[in-house]
K.L.:
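One structure, pasted below without further comment.
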Amino acid sequence: MRRSVVLVPLAALAASTIASAPASGTAEPAACADLAGLPIPASVIGLPTGGGEVTAARLVAPSGQGPAAVGEHCQVDAAVHPVDPAAPDIRMRVALPTGWNRKAMMFGGGGYDGVLPAITGTVPYGPADAPTPLGRGYATFASDSGHQAAPDFRPTPLLDGSFGVNDEALRNFAGDALKKTRDAAVFLIHARYGEKPAHSYFAGGSSGGREGLAVAQRWPTDFDGVIAVYPAWNAASLDLFFGYQARLLAQPGAFPNPAKQALLHRSVIKACDGIDGLADGVISHESGCRFTPWSLRCPGGGDRGDTCLSGRQIRAVTALSSPLRWPYRLASGERGYPGFPFLSGADMTTPLLGMGAVAPADPMPKDSGFGPQFWDQWVRHFVTRDAGFDPLAIDPRAPGPWQRRISELSALQDVNEPDLRRFAANGGKLLLLHGTADELVSHRSTVEYFERVQRTMGRHAVDRFVRFYLVPGANHVNVDTPFAAGWDSVGALETWVEHGQAPVHPVVADKNPTADRTRPLCRYPTWPRYDGSGDPDSAASFTCVRGR
């Protein structure tokens with residue numbers, strides 16, 4: 001009897017083969033073009049979804065030169081569908097290099113996400129003289145976290161929080177999209193190469209840094225190593241501080257204009273630059289700085305122009321540099337936010353990330369600070385879910401009828417679990433970095449989290465899998481700052497995870513265009529002090545010390 005032959009489309013065959021393959025098994029690799037239309041079964045994703053599919057796949061030719069060079073790779077765009085039909089898709093992108101090194105790197109997002117991160121680029125605080133992850137042969141991937149920001153949202157799509165009115169979109173942003181994206185990406189990597197990555201890493205900054213800590217805490221076996229830079233781990237708590245900032249600076253006469261902000265910054269640098277033994281525009285020991293803004297008080301305390309600060313302005317910036325405590329309990333357990341140092345926000349060409357160019361108001365000006373604008377979106381779309389609500393009407397210290405909703409959001413958004421034993425037991429390694437001139441996420445907050453991990457697990461246990469470095473002079477966007485940090489954290493993490501060698505005397509370079517200097521990366525709580533001799537532009541002339 002003659003048998004009939006049924007031709008199965010390659011995409012369907014690949015999906016069936018991969019879905020049934022064991023976790024460590026192999027399958028026949030697929031050509032890049034054949035990935036187009038490939039279904040992503042809901043069964044391969046560890047959280048509920050509606051499944052997904054590849055929406056586009058194309059081969060991208062090599063480009064760039066030197067450290068920016070990227071080899072030939074297959075760019076795959078995919079969508080993961082929600083359970084709630086009213087929720088948006090998770091849109092994701094994967095770059096699959098022809099010369100694959102059998103490793104994967106997931107990139108985190110920023111702000112309210114809503115856009116695809118550049119998976120061909122480098123990691124936050126990455127070096128200027130080393131290849132990008134894709135350039136090293138990594139399969140790289142990222143997603144928009146489960147919603148699509150309005151591309152014309154001003155001043156940046158990363159501030160579009162309108163998705164928060166949908167519960168599934170909100171849960172995706174808070175962390176669920178990380179697991180869904182990772183699992184879908186591993187499925188696609190397996191489809192392309194016929195095997196899964198031998199090692200997987202995560203790198204992100206700001207909201208992406210929070211995401212890095214989220215994967216270590218919630219899915220401790222998914223990644224072998226995490227690079228978390230200026231992580232907004234206590235996201236709801238930071239939102240409450242942003243609301244406090246907005247209300248403070250909205251008070252009549254309290255807002256210092258950009259010229260006064262620059263005066264404040266220059267004055268802090270002048271007062272504290274030399275405590276590390278070298279006047280170089282970088283304050284290496286921020287916690288040892290004893291500057292008081294009352295030294296800038298205008299005669300009589302009134303506003304006398306840009307050469308001084310009024311009493312109201314001094315009280316406002318002093319409050320922003322001090323810890324905020326709220327007299328009620330959040331479901332996440334957080335009780336406050338540590339405030340920002342006076343030097344946060346270098347003398348920038350734009351003050352967006354700091355206090356802004358104008359005072360907060362309702363409606364919120366697009367050139368007010370990033371923090372108040374973040375609060376504006378959080379109140380309208382996450383808390384009240386009323387786009388017409390005045391964000392300045394809620395006092396974070398006494399939110400009244402909104403306290404319960406704010407508490408619920410804290411449990412969803414704050415990534416504050418200090419017990420990382422499961423991540424460590426799986427061999428996971430964590431690199432934490434934060435600039436001490438960060439205007440948007442206080443480095444004091446990261447210090448708080450790291451010290452909690454130490455108290456929970458013990459210093460010796462933490463030393464085996466975490467390194468935490470404060471980078472003097474580095475700010476949130478790593479531009480227009482006294483020290484633009486550049487360190488090969490990817491290479492350091494690879495060496496630690498794959499060869500068991502922790503970073504020893506790491507060195508960070510200043511990537512500012514006219515700079516040619518290096519500094520030691522000092523493990524917290526030490527900081528770099530100039531030894532008084534030797535080349536002041538060389539890390540070898542500095543020693544990591546404790547205390548003052």
Side-chain angles (χ1 to χ4, degrees), residues 154-156 159 241-242 244-274 279-283 286 289-322 339-376 392 435-442 472-484 512-514:
R154 295 291 178 266
T156 168
L159 275 170
F241 188 88
F242 286 156
Y244 177 65
Q245 174 189 1
R247 287 170 59 89
L248 275 174
L249 297 179
Q251 295 176 4
F255 178 77
N257 65 27
K260 290 174 180 281
Q261 294 173 36
L263 169 66
L264 176 63
H265 181 264
R266 291 194 303 270
S267 300
V268 176
I269 295 291
K270 182 178 179 180
C272 298
D273 185 7
D280 60 350
V282 175
I283 298 175
E286 184 277 323
C289 180
R290 297 294 180 261
F291 173 80
T292 172
W294 288 102
S295 61
L296 302 177
R297 182 176 180 269
C298 296
D303 193 336
R304 307 296 183 192
D306 295 342
T307 60
C308 58
L309 270 65
S310 71
R312 290 182 177 180
Q313 292 160 354
I314 290 172
R315 284 189 287 273
V317 299
T318 299
L320 295 178
S321 187
S322 304
F340 290 76
F342 288 118
L343 63 89
S344 293
D347 190 2
M348 302 185 299
T349 55
T350 171
L352 171 65
L353 292 184
M355 286 182 272
V358 298
D362 180 39
M364 192 65 68
K366 297 306 179 185
D367 50 355
S368 61
F370 199 101
Q373 293 188 63
F374 218 82
W375 168 255
D376 173 87
L392 300 178
T436 60
D438 195 312
E439 323 88 326
L440 195 55
V441 178
S442 176
N475 68 1
H476 199 78
V477 292
N478 212 31
V479 295
D480 294 319
T481 190
F483 194 96
N512 277 310
T514 60

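Computed from heavy atoms alone, side chains included, the values below leave out hydrogens, waters and symmetry copies. The shown structure was predicted, so the numbers you read here are calculated from the model rather than taken from an experiment.
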K.L.:
Between CD of Q245 and CE of M355, what distance do you get to the nearest 0.5 Å?
P.N.:
8.0 Å

K.L.:
Quick check: closest heavy atoms across F483 and P472, and the distance to 0.1 Å?
P.N.:
CB-O, 3.5 Å

K.L.:
Can you give me the closest heavy-atom contact between N512 and A484, atom names plus distance?
P.N.:
ND2-N, 3.6 Å

K.L.:
For residues P341 and T436, determine if any side-chain heavy atom of one lies less than 4.5 Å from a side-chain heavy atom of the other.
P.N.:
no

K.L.:
Can you list the steps and then say if V317 with Q261 is a side chain to side chain contact (heavy atoms under 4.5 Å, CB included)?
P.N.:
CA-CA 10 Å; V317 299; Q261 294 173 36; over 6 Å; no

K.L.:
Enumerate the residue pairs fulfilling salt bridge (charged side-chain N to carboxylate O under 4.0 Å, His left out) with a member in residues 251-263, sequence neighbours excluded, ordered by first and then second residue.
P.N.:
K260-D303

K.L.:
Check salt bridge (charged side-chain N to carboxylate O under 4.0 Å, His left out) between R297 and all other residues, then give those that pass, not counting sequence neighbours.
P.N.:
none

K.L.:
Any idea which heavy atoms bring L296 and S267 closest together, and the distance?
P.N.:
CD2-OG, 3.4 Å

K.L.:
Which distance, rounded to the nearest 0.5 Å, do you find between the CG of L159 and the CG of D376?
P.N.:
9.0 Å

K.L.:
Looking at every non-hydrogen atom in both residues, tell me the closest pair between A250 and L392 and how far apart they are.
P.N.:
CB-CD1, 4.0 Å

K.L.:
Could you tell me whether the side chain of E286 and the main chain of A437 form a donor-acceptor pair under 3.5 Å?
P.N.:
no

K.L.:
Do S321 and F340 touch side chain to side chain, with heavy atoms closer than 4.5 Å?
P.N.:
no

K.L.:
What is the distance from atom CG of L264 to atom OG of S295, rounded to the nearest 0.5 Å?
P.N.:
9.0 Å

K.L.:
Within the 4.5 Å heavy-atom criterion, are L320 and T318 side-chain neighbours or not?
P.N.:
no

K.L.:
Would you compute the distance between atom CD1 of I314 and atom SG of C308 and round it to the nearest 0.5 angstrom?
P.N.:
8.5 Å

K.L.:
Under 3.5 Å, which donor-acceptor pairs do the side chains of residues 358-365 form with other protein atoms, sequence neighbours left out?
P.N.:
{"residue": "D362", "atom": "OD1", "partner": "R380", "partner atom": "NH2", "Å": "2.8"}

K.L.:
Just verifying a value: how many Å separate R315 CZ and L309 CG, rounded to the nearest 0.5 Å?
P.N.:
11.5 Å

K.L.:
Is a donor on one side and an acceptor on the other found under 3.5 Å between the side chain of T481 and the backbone of G473?
P.N.:
yes

K.L.:
What's the verdict on side chain to side chain contact (heavy atoms under 4.5 Å, CB included) for D306 and L263, showing C-alpha distance, side-chain angles and the deciding distance?
P.N.:
CA-CA 8 Å; D306 295 342; L263 169 66; over 6 Å; no

K.L.:
Any donor-acceptor pair under 3.5 Å linking the side-chain atoms of N475 with those of D480?
P.N.:
no

K.L.:
If you compare all heavy atoms of P155 against all heavy atoms of K366, which two are closest, and at what distance to 0.1 Å?
P.N.:
CG-O, 3.6 Å

K.L.:
For A279, give me all partners under side-chain contact (heavy atoms from CB on, under 4.5 Å), at least two apart in sequence or on another chain.
P.N.:
D273

K.L.:
Kindly state whether the ring of F370 and the ring of F242 have centres lying under 6.0 angstrom apart.
P.N.:
no

K.L.:
To the closest 0.5 Å, what do you measure between CD (Q373) and CZ (R154)?
P.N.:
12.0 Å

K.L.:
Check whether any side-chain heavy atom of R304 sits under 4.5 Å from a side-chain heavy atom of S310, and report yes or no.
P.N.:
no

K.L.:
Using the side-chain hydrogen bond (donor to acceptor under 3.5 Å, both in side chains) criterion, which residues pair with N478? Sequence neighbours excluded.
P.N.:
none

K.L.:
Under the rule for ring pair (Phe, Tyr, Trp, His ring centres under 6.0 Å), what residues qualify as partners of F255, not counting sequence neighbours?
P.N.:
none

K.L.:
What heavy-atom pair brings C289 and V268 nearest, and what distance separates the two atoms?
P.N.:
SG-CG1, 4.1 Å

